Amino acid sequence: MRRTVFNEDHEAFRATIRAFIEAEVVPVYDEWFAAGQAPRDFYYKLAELGVFGIRVPEEYGGAGIDSHKFEAVMYEETARAGVSFGGSGVHVLLGLPYIQMLATEEQKQRYLPKFVSGEEMWALAMTEPGTGSDLAGMKTTAKLSEDGTHYVLNGSKTFITGGVHADRVIVCARTSAPTRRPTTAPDGQRSAQAESRDDRRFGISLFAVDTTSEGYSIGRKLDKLGLKVSDTAELAFVDVKVPVRDLLGEENNGFSYLGRNLPSERWGIAFGAYAQAKAAVRFAQEYVQERTVFGKTVASFQNTKFELAACQAEVDAAEAVADRALEALDAGELTAAEAASAKLFCTEVAHRVIDRCLQLHGGYGFMNEYPIARLYADNRVNRIYGGTSEVMKSIIAKSMGL
C-alpha cells in the first residue's frame, strides 16, 4: 500500500541523512560501540546538519518547522544502517518539548540558540534508584534559599540517557511535601469521617540545571545490555545551587508537565521500535539470500519464506500504527491512551520480529559484528522505558472504562 506520511521535503532530508550516516557514522561506529558512547564532537556535526533546530522557531536560530516527521525519518535511517546517534536523541525528543512548553521568553533567549548549535546538550533526569516508574515517589529535593535567589538541590538520579555529555539537565525534584486531601465515600460523596490521604503528585518542580555547577557530579556510566553507543549515567546532587531563573514552569506543578510530554515521548519509542523491526527484516532478507546451507541459499527454504513473510506483515501493521500516531502528534491530537497503544503494539511487534530475524541468522545472529545482534539487544529496553508494557496496558484499560 502507498505510504502518504512523507512528502518530497522529507525524502530529500532522508537522502541527506543517509549520506551523512554513511560518511560520518558507519566508518567509526565500531569504535563508538567499543567506547560505550559517541564522541561529544559528533553532536556539533549533527548541529551543523541542522537536526537540532528543525522544530525550534526561527528567531532562536532554528528552522521553525512544527513537525516530528523529520525526526521520524532519522529513526528510520539510523535503524536501516544499524547505528545510532548516541545520546543525542533525548536532546530533541525529551529536552526541547519542555523548553517550548515551559520556558519564559528570557529563558528561551538563553537556552535555545545554544540548544540549536549543540553548545549545550540537554537531558532529562526523572528516574531515581528504587523508584522506577513511580515518579511521584522521588526523593530528590530542591529547597528555596532564605534570600530567594536560588534553590539548593540534593539527591540522585539513575538511568539518565545522555547524562555523560549533557550540559544542561532538566531535573525533577520535590519542592514541597505532598498535600493531604480527603478521600471520597464509595458513592463518590465526601464523607465527614473520611480519612485524608497524600496527593503524592503535588510538590514536584522542574529545573534546567547547569552541569558545571558545584556539587553536581556524574557517577557511573552505566554498562547496559544494549544501546551501547548511548551514554547513560547516574547523577548526584550535593547542595547544588540552582538560580531561580532556571525553574521551568510553575513551582510544584512539575508532575502535570511530565504527563503532558509523555505522549510525544511514547510516540518516539513506538516509531523507533517500528523502524528497528523494519530494519531487522532487511538485515535478515539480505543474509538469507547470501548464506548457503546444504548447497542451497537459506532464502530458498519454505520456512525462511514464511517466517519473513509473517514478519513483513507485522512490520506493515506497525508502520500503519506508527504513521497514524505521527499524524495525530503533528496535529496536536495524540492522546495518552493512543500513545500508549502505539507504544505497546509497536514495541511488542519489534520484539517478535527481531527475535525471528535473529533466528534466521543462526549462530551468526549472536555475534555483535552482525547488526541484528546489536539490534536485538537495543530493542529490549523499548518495552521498559517511557513506561513499561504493563503500564501501557493500564492506561489503555483505563481509557476503556475498565
Side-chain angles (χ1 to χ4, degrees), residues 18 21-22 25-38 74-86 89 161 222-230 232 269-319 321-322 343-385 388-389:
R18 187 172 297 183
I21 290 172
E22 288 300 319
V25 181
V26 171
V28 293
Y29 196 71
D30 286 345
E31 298 174 18
W32 296 2
F33 189 85
Q37 63 186 33
M74 286 189 283
Y75 280 124
E76 291 185 332
E77 289 305 308
T78 51
R80 178 186 181 277
V83 302
S84 83
F85 287 163
T161 303
L222 300 174
D223 184 15
K224 308 183 298 296
L225 170 67
L227 300 178
K228 292 291 188 178
V229 176
S230 177
T232 304
I269 297 170
F271 205 96
Y274 139 71
Q276 290 176 325
K278 182 177 182 179
V281 172
R282 175 174 175 264
F283 296 148
Q285 187 173 350
E286 292 176 349
Y287 178 82
V288 299
Q289 288 174 330
E290 297 174 357
R291 176 70 171 165
T292 58
V293 178
F294 307 122
K296 300 166 60 177
T297 64
V298 175
S300 67
F301 291 91
Q302 185 182 64
N303 178 69
T304 303
K305 297 175 182 179
F306 282 7
E307 282 292 284
L308 283 175
C311 287
Q312 184 61 53
E314 289 218 74
V315 169
D316 287 343
E319 180 180 86
V321 170
K343 180 182 184 296
L344 177 66
F345 183 77
C346 291
T347 57
E348 293 292 341
V349 164
H351 161 65
R352 294 191 296 269
V353 167
I354 294 170
D355 183 75
R356 294 164 84 172
C357 288
L358 186 150
Q359 187 72 16
L360 290 173
H361 281 71
Y364 289 103
F366 206 64
M367 301 295 109
N368 273 328
E369 65 185 278
Y370 283 79
I372 192 68
R374 299 180 183 184
L375 193 58
Y376 183 87
D378 290 349
N379 169 75
R380 184 59 185 88
V381 76
N382 288 332
R383 290 180 288 150
I384 298 174
Y385 67 2
T388 64
S389 291

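Bear in mind the structure is a predicted one, so any value in this text is a computation, not a measurement.
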Query raised in the report: Taking only residues two or more places apart in sequence or in another chain, which ones pass ring-ring contact (aromatic ring centres under 6.0 Å, His included) with Tyr364?
Result: Tyr370

Query raised in the report: So Leu344 and Arg383, side-chain contact (heavy atoms from CB on, under 4.5 Å) or not? Walk me through it.
Result: CA-CA 7 Å; Leu344 177 66; Arg383 290 180 288 150; over 6 Å; no

**Report entry** Residue pairs, two or more places apart or on separate chains, that pass salt bridge (charged side-chain N to carboxylate O under 4.0 Å, His left out) and touch residues 363-379
**Finding:** Asp30-Arg374

**Report entry** Any donor-acceptor N or O pair under 3.5 Å, side chains Asp355, Gln359
**Finding:** no

Query raised in the report: Is there a donor-acceptor pair closer than 3.5 Å between any side-chain N or O of Thr232 and the backbone N or O of Leu222?
Result: no

Query raised in the report: Does Glu319 offer a backbone N or O that forms a donor-acceptor pair with the side chain of Lys278 under 3.5 Å?
Result: no

**Report entry** Spatial distance of atom CZ (Arg380) from atom CD1 (Ile354) [nearest 0.5 Å]
**Finding:** 11.5 Å

**Report entry** Heavy-atom pair of closest approach, residues Ile372 and Gly365
**Finding:** CG2-CA, 3.9 Å

Report task. Identify the two heavy atoms, one from Cys357 and one from Cys311, that lie closest to each other, and give their separation to 0.1 Å. Result -> SG-SG, 4.2 Å

**Report entry** Closest approach of Gln276 to Leu375 (non-hydrogen atoms, all atoms of both residues)
**Finding:** O-CD2, 3.3 Å

Query raised in the report: Distance from Asn303 atom CG to Leu308 atom CG, nearest 0.5 Å?
Result: 9.5 Å

**Report entry** Separation between CD of Glu314 and CZ of Phe345, rounded to the nearest 0.5 Å
**Finding:** 6.5 Å

Requested in this report: Determine, step by step, whether Thr297 and Gln289 satisfy the side-chain contact (heavy atoms from CB on, under 4.5 Å) criterion, reporting the C-alpha distance in whole Å, the side-chain angles of both residues, the deciding distance to 0.1 Å, and the verdict.
Outcome: CA-CA 6 Å; Thr297 64; Gln289 288 174 330; 6.0 Å; no

**Report entry** Donor-acceptor pair, side chain of Tyr29 and main chain of Ser84, under 3.5 angstrom
**Finding:** yes

Report summary line: With sequence neighbours left out, the residues meeting ring-ring contact (aromatic ring centres under 6.0 Å, His included) with Phe271 are Trp267, Tyr274

Query raised in the report: What residue among Glu348, His351, Lys343 forms side chain to side chain donor-acceptor pair (under 3.5 Å) with Ser389?
Result: Glu348

Requested in this report: First locate atom OG1 of Thr304, then atom NZ of Lys296, and finally report the distance between them rounded to the nearest 0.5 Å.
Outcome: 9.5 Å

Query raised in the report: Should the pair Arg18-Glu22 be classified as a salt bridge under the 4.0 Å nitrogen-to-oxygen rule?
Result: no

Requested in this report: Please name all residues satisfying side-chain contact (heavy atoms from CB on, under 4.5 Å) with Ala277, sequence neighbours left out, ordered by chain then number.
Outcome: Val315, Ala350, Val353

**Report entry** Which atom of Val298 lies closest to which atom of Leu360, heavy atoms considered
**Finding:** CG1-O, 4.5 Å

Query raised in the report: Phe366 and Ala373: which non-hydrogen atoms are nearest, and at how many Å?
Result: C-CB, 4.2 Å

Query raised in the report: What residues, two or more places apart in sequence or in another chain, satisfy ring-ring contact (aromatic ring centres under 6.0 Å, His included) together with His361?
Result: Tyr287

Query - Partners meeting ring-ring contact (aromatic ring centres under 6.0 Å, His included) with Phe85 (sequence neighbours left out) - result: Phe42

Requested in this report: Over all heavy atoms of both residues, which pair between Cys346 and Ala273 is shortest? Give the atoms and the distance, please.
Outcome: O-CB, 3.8 Å

Query - Nearest-0.5 Å distance, OG1 of residue Thr347 to CD1 of residue Ile269 - result: 8.5 Å

Query raised in the report: Passes side-chain contact (heavy atoms from CB on, under 4.5 Å), Trp32 versus Val25? Steps please.
Result: CA-CA 9 Å; Trp32 296 2; Val25 181; 3.8 Å; yes

